[in-house]
Amino acid sequence: MSYDFNTIEARWQNYWAENGTFKADNNSDKPKYYVLDMFPYPSGAGLHVGHPLGYIASDIYARYKRHKGFNVLHPQGYDSFGLPAEQYAIQTGQHPAITTKENIARYREQLDKIGFSFDWSREVKTSDPNFYKWTQWIFIELFNSWYDKDTDKARTIDDLEAIFTSEGNAKINAVCDEDITAFTAADWNNFSSKEKQEVLLKYRLTYLAETEVNWCPQLGTVLANDEIVNGVSERGGYPVIRKKMTQWSMRISAYAERLLQGLETIDWTDSLKESQRNWIGKSVGASVTFKVKEHDEVIEVFTTRPDTIFGATFMTLAPEHELVAKITTPEQKAAIEAYIEATAKRSERERMADVKTISGEFTGAYAEHPFTKEPVPIWIGDYVLAGYGTGAVMAVPCGDQRDYDFAKHFDIPITNIFEGIDISEEAFADKEKTIIANSDFLNGLNYKKATKTAIYELEKLGQGQGKTNYRLRDAVFSRQRYWGEPFPVYYVDGMPQMIDVAHLPLALPEVEKYLPTETGEPPLGRADIWAWDALKGELAKNEDIDNVNIHPLELNTMPGWAGSSWYPFRYMDANNDHEFASAEAMQYWQNVDLYIGGNEHATGHLLYSRFWTKFLKDRAYITVDEPFKKLINQGMILGTSAIVYRISGSNTYVSKGLKDQYETEELRVDVSLINSSDELNIDALRKWQPQFNDADFELEDEKYIVGREVEKMSKRWFNVVNPDGICEQYGADSLRLYEMFLGPLEQAKPWNTAGITGVHSFLKKLWKLYHDGETFGVTDTEPTKENLKTLHKTIKKVEEDIENFSFNTSVSTFMIAVNELTAQKCTSRAVLEPLIVLISPYAPHIAEELWQKLGHDESISTAAFPVFEEKHLVESTKQYPISFNGKMRFTMELSLELSKDEIEAAVMAHEKTQEQLAGREPKKVIVVPGKIVNVVG
RNA sequence: GCUGAAGUGGUGGAAUUGGUAGACACGUUGGACUUAAAAUCCAAUGGCCUGUAAGGCCGUGCGGGUUCAAGUCCCGCCUUCAGUACCA
């Protein structure tokens, strides 16, 4: 009876689906465990073997936890809104809804073949109105909230209005727009409705503001900071320019400190936490205001080194700084304008690439030093960024290398304020070794004391205070695209209004053209029926109906990360019509115990979802502060591309070994045309692409050998390997085992299909272990000591491996176990039954089949994990390596029951020791492992 | 530059956390079974030395150090990958 994996796998996949084997219950006495994968974008290309890696790992863990008696929630869904889905739809010329549906069907088919234990009854799709209804609902909640710094949490706008009505905004300590002005209760009550709305908008956690955004003309939309890599768009690599637009923003900056602190409470890798810390970019220092001479203006700067304030010999403003035009003297006007124009012309990318060239211009204006009252020249320079801090710095050339370089370049005086430090060559920036000099009341103080004193003196003058600055910017939340969640927003007299929650979801309308526009007009503007009955009723009630704009609805859509910022909670109660999830369900499931996904989301999704979670907790909708307790980043599986070498200007291809004799160019060909010894199938290649039809090939040893290169698995490199083909040829269990066997989960590793034969023949051996020729061969004979030793060794190792996520080594452990038991001719049920439970998380199909043959009616997933018993591993004797004077070594069998002294005596009495000792004076004899036994000589 | 991770056979990778380095698998070589191929099974496989065996020496990026004992710990370098960058 042979191992017919195709039949077995189809049978059990059916069985699981029909019996709802992996349906999780929201009510259970068992402890809960929530295992989640980052849900996929259903792209048109389908899955390649790299995609399921994390899913297989999480599936093994989920199945393991079930064996361990946990009620496991292990759902799956699709992040089906957003740019990739829409780009694919544009490429294929079809409506995104249709292509998305097709892609999801294809993904599901592929996923089902691999045998995951997902609870599909909880499937979510972010583009499903039943899902994005709640995304819209959360948006409304954010709109109706503000951040109270005193209680350090979000509160309702109703609370805020009540405070305004009774006492104005003087006592409010909120995270809000900086240009807020003070008003009293009386002022507030006299404001018009529109004025009130304008004020409130500046406090809301999601707000509408004209901001400078990252505009990508090719994608036809704005991008968040984390969607830009090296100055170009993350998707497509298109240039990004700065542009002023009115956009929705998320006040994530309110949560900067809590997002930073929260990292201490979660089990993520150091590198990931570090990425988030960098992104949040906390720096502690002071804000200082400098008066501009002969003007009423002041310049505010942020500095981390207020202790060096006496070294400030000039100031630098970003070219975009709003005061530049006002303070520039007539003589300098032309030069300044030329400089600003030149800077504006350079793209973000050029500016980043060229950090060495020092450029700047003097404005002609002077500021007044807060303490010395000396004039401080004001410069502009593009090394100061408009987007960070206040866009202005007090330049301390002796203490900052950039200021130093700038000063040297423009011959600005440099004052040394450091005790005993030579600054003739470079600036001195070591805080720890700093002793301040030449600085009036700061003289003789170290960095810490001087900083404190300087801030104290600045406060006395009313020209500064201690301040903490964060790099984290508020996130732009509008996209000028079609395929996203519509905002539940309409405008009355230019002011945004939320539609009534009762009318959610606000469904995405059909449009004729969903392609983005070059000008930034949202595609939804073209919707013919972007009218909505309930909303009409709403508007009709409003007395300002006459002022309604032509497009009374918000026409932008939400970004890709909107739905993914809260979806873990939806799985807890995925079919709830009344709320995003019931309080009971969320009380039970809490948060995700284990989250597995790629590390490309380090500063996007993982930061936004933490932000929304904290917000929902503040508003008491959920009880947890962090969405993901433990997070593991699976490494990428790389493809091994095949390269042929074409002689330049000809249609002749030379084998790899001959390529150096010619001038060649490299072409990638499909990896399916290559056999395991890198030999190219030329006939197949001719059929593959017409350009090879009449090509000539120069062979070596009558073979064409291709070059190989390990790189990202991608259609454009023709190195994609699909899981479907592997499942057909070797089975899903082989695929699962092999993906784990490839190497450590978190490491990037190349795929090589040839190696799968190892795990495949392991499964065949496993099958044979349970079969005696043609019949099922498990017997009720007593296991031998050896059998039990093998079993318990395996239990111990596998349990440790799974707990440590070292799935690769347990595959080896299984192989060793099966080889040993085969050699021992073990047929004992007492060994073979627990063994198959151990293997079942990795290879569930074969496990189910054998489990049934062992006489069980229920799925193996209900079986308990075998209990490890130490006694089976204990031997009466052990081989001890003996190390003598650190050099000579031999092994000696010693009883485990011996004491330290007895071991010593035994070693000394042993003939081999005598031999080694002959004629010499030993200093020590060492017995390993464990304790060192000194045998004195 | 900064931050994080990592360097072990021909290849992917093990190594009980300081205790016989190279488990397991791929690949390669030889053999068995086959008319043959596939499949399967067996053996060998880090390098070097001695004719073989027994055995020995050298070996975990490089150079030092601690230790009876170092892939593992410490100091100083080199290299690779990832993230980030004029952050005041």
Side-chain angles (χ1 to χ4, degrees), chain A residues 2 229-231 269-279 281-283 285 301-305 308 312 315-316 318 351-352 354-358 381-385 387-396 399-403 405-406 429 469-471 599-600 602-603 633 635-636 640 676-677 708 737-738 741-744 746-762 764-765 768 796-797 800 806 808-816 819 879-891 922-935:
Chain A
S2 66
V229 179
N230 293 330
T269 60
D270 288 341
S271 69
L272 204 88
K273 287 185 182 182
E274 200 55 35
S275 294
Q276 294 222 337
R277 281 192 201 106
N278 286 341
W279 195 259
K282 179 180 182 175
S283 46
V301 301
F302 174 75
T303 177
T304 53
R305 298 294 304 273
T308 64
M315 301 186 76
T316 314
R351 252 173 103 162
M352 275 207 272
D354 177 28
V355 296
K356 290 217 176 86
T357 315
I358 295 162
D382 67 359
Y383 81 96
V384 176
L385 306 175
Y388 183 76
T390 60
V393 299
M394 64 171 211
V396 183
D400 182 285
Q401 194 58 42
R402 289 156 307 170
D403 296 342
D405 295 340
F406 194 87
N469 201 47
Y470 297 91
R471 194 182 85 106
N599 66 0
E600 66 273 23
T603 48
N633 288 132
M636 209 190 306
T640 313
S676 56
S677 4
R708 306 308 299 253
L737 281 168
Y738 189 51
F741 184 69
L742 272 178
E746 305 189 47
Q747 214 170 78
K749 48 217 170 252
W751 178 266
N752 171 19
T753 304
I756 201 170
T757 53
V759 293
H760 187 62
S761 64
F762 155 73
K764 285 196 262 189
K765 282 185 207 165
K768 272 192 197 159
K796 187 171 186 232
K797 185 76 168 77
E800 281 169 7
S806 314
N808 55 330
T809 48
S810 35
V811 180
S812 301
T813 307
F814 295 141
M815 291 181 180
I816 294 165
N819 283 340
Q879 290 287 321
Y880 279 93
I882 311 292
S883 161
F884 175 70
N885 272 0
K887 268 288 176 191
M888 294 160 260
R889 268 203 220 113
F890 56 94
T891 64
K923 287 233 168 63
K924 285 168 183 172
V925 171
I926 289 85
V927 182
V928 290
K931 284 134 206 149
I932 293 172
V933 181
N934 287 346
V935 178

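Order of the sequence lines fixes the chain letters, A, B, ..., with proteins taken first and strands second; residue numbering starts at 1 for each chain. Any value given below was found using the heavy atoms of this structure, including those in side chains, with hydrogens, waters and symmetry copies removed.
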**Q.** Heavy-atom donor-acceptor pair, A:Ser806 side chain to A:Pro744 backbone, under 3.5 Å
**A.** no
Q) Base, sugar-phosphate alone, or nothing: which one does A:Ser812 contact when heavy atoms must sit under 4.0 Å apart? A) base
Q) Expressed in angstrom and rounded to an integer, what is the separation of A:Tyr470 atom OH from B:A88 atom C1'? A) 17 Å
Q) Looking across every strand, which nucleic acid part, if any, lies under 4.0 Å from A:Glu800 by heavy atom: base, sugar-phosphate, or nothing? A) nothing
Q.
Nearest to the side chain of A:Met815, heavy atoms from C-beta on, is which of B:C24, B:G4, B:A15?
A. B:C24
Q: Among B:C87, B:A39, B:A25, find the nucleotide with the atom closest to the side chain of A:Lys764.
A: B:A39
Q: Round to the nearest Å and state the distance from A:Trp751 atom CH2 to B:U11 atom C1'.
A: 16 Å
Q) Taking any strand in view, what nucleotide pairs with B:A37 in a Watson-Crick or G-U wobble way, both distances under 3.5 Å? A) none
Q: Check every strand shown and say whether A:Thr757 touches a base, only sugar-phosphate, or nothing at a heavy-atom separation below 4.0 Å.
A: sugar-phosphate
Q: Determine which nucleotide pairs with B:G30, using a 3.5 Å limit on both distances of a Watson-Crick or G-U wobble pair.
A: B:C42
Q. Looking at the side chain of A:Gln747, which of B:C24, B:G13, B:A88 is the nearest nucleotide?
A. B:G13
Q: With heavy atoms under 4.0 Å as the rule, sort A:Lys797 into base, sugar-phosphate or nothing.
A: nothing
Q: Under a 3.5 Å limit for both distances, which nucleotide forms a Watson-Crick or G-U wobble pair with B:C86, could you say?
A: none
Q. In the structure shown, which nucleotide is the Watson-Crick or G-U wobble counterpart of B:G19, with both distances under 3.5 Å?
A. B:C68
Q.
Which nucleotide, if any, forms a Watson-Crick or G-U wobble pair with B:G9, using both distances under 3.5 Å?
A. none
Q: Would you mind telling me which of B:G4, B:U84, B:A39 lies closest to the side-chain atoms of A:Arg471?
A: B:U84
Q: Can you tell me the distance, in whole Å, between the CG atom of A:Asn819 and the P atom of B:C24?
A: 9 Å
Q. From the list B:C24, B:C41, B:G13, which nucleotide is the closest neighbour of the side chain of A:Ile816?
A. B:C24
**Q.** Contact under 4.0 Å: A:Thr603 side-chain N or O vs B:G83 OP1/OP2
**A.** no
Q | Pair assignment for B:C57, Watson-Crick or G-U wobble, requiring both distances under 3.5 Å | A | B:G47
Q | Between B:U84 (C1') and A:Glu274 (CD): distance, integer Å | A | 11 Å
Q | Who pairs with B:C62 - Watson-Crick or G-U, where each distance is under 3.5 Å | A | B:G76
Q.
Mind checking if A:Lys796 touches a base, just sugar-phosphate, or nothing, with heavy atoms under 4.0 Å?
A. nothing
Q: With the side chain of A:Arg402 defined as its heavy atoms from C-beta on, choose the nearest nucleotide among B:C26, B:C24, B:A88.
A: B:A88
Q) Which is it for A:Arg277 and A:Glu274 under the salt bridge (charged side-chain N to carboxylate O under 4.0 Å, His left out) test, yes or no, and what are the steps along the way? A) CA-CA 5 Å; A:Arg277 281 192 201 106; A:Glu274 200 55 35; 3.0 Å; yes
Q: Send over the distance from A:Phe762 CZ to B:C24 P, rounded to a whole Å.
A: 14 Å
Q: Classify the ring geometry between A:Phe814 and A:Phe762 as parallel (under 30°), tilted (30 to 60°) or perpendicular (over 60°).
A: parallel
Q: Using whole Å, report how far OH of A:Tyr738 lies from C1' of B:C24.
A: 13 Å
Q) Looking at the side chain of A:Asn808, which of B:A25, B:G13, B:A88 is the nearest nucleotide? A) B:G13
Q. Counting side-chain heavy atoms from CB outward, which of B:C26, B:C86, B:A82 is closest to A:Asn599?
A. B:A82
Q) Mind checking who B:A14 pairs with, Watson-Crick or G-U wobble, both distances under 3.5 Å? A) none
Q.
Taking the minimum atom-to-atom distance to the side chain of A:Pro744, which one of B:C86, B:G13, B:A25 wins?
A. B:G13
(Q) Tell me the interatomic distance from A:Leu272, atom CG, to B:U3, atom P, rounded to whole angstroms. (A) 18 Å
Q | Interatomic distance, A:Lys749 NZ vs B:U11 C1' [rounded to whole Å] | A | 16 Å
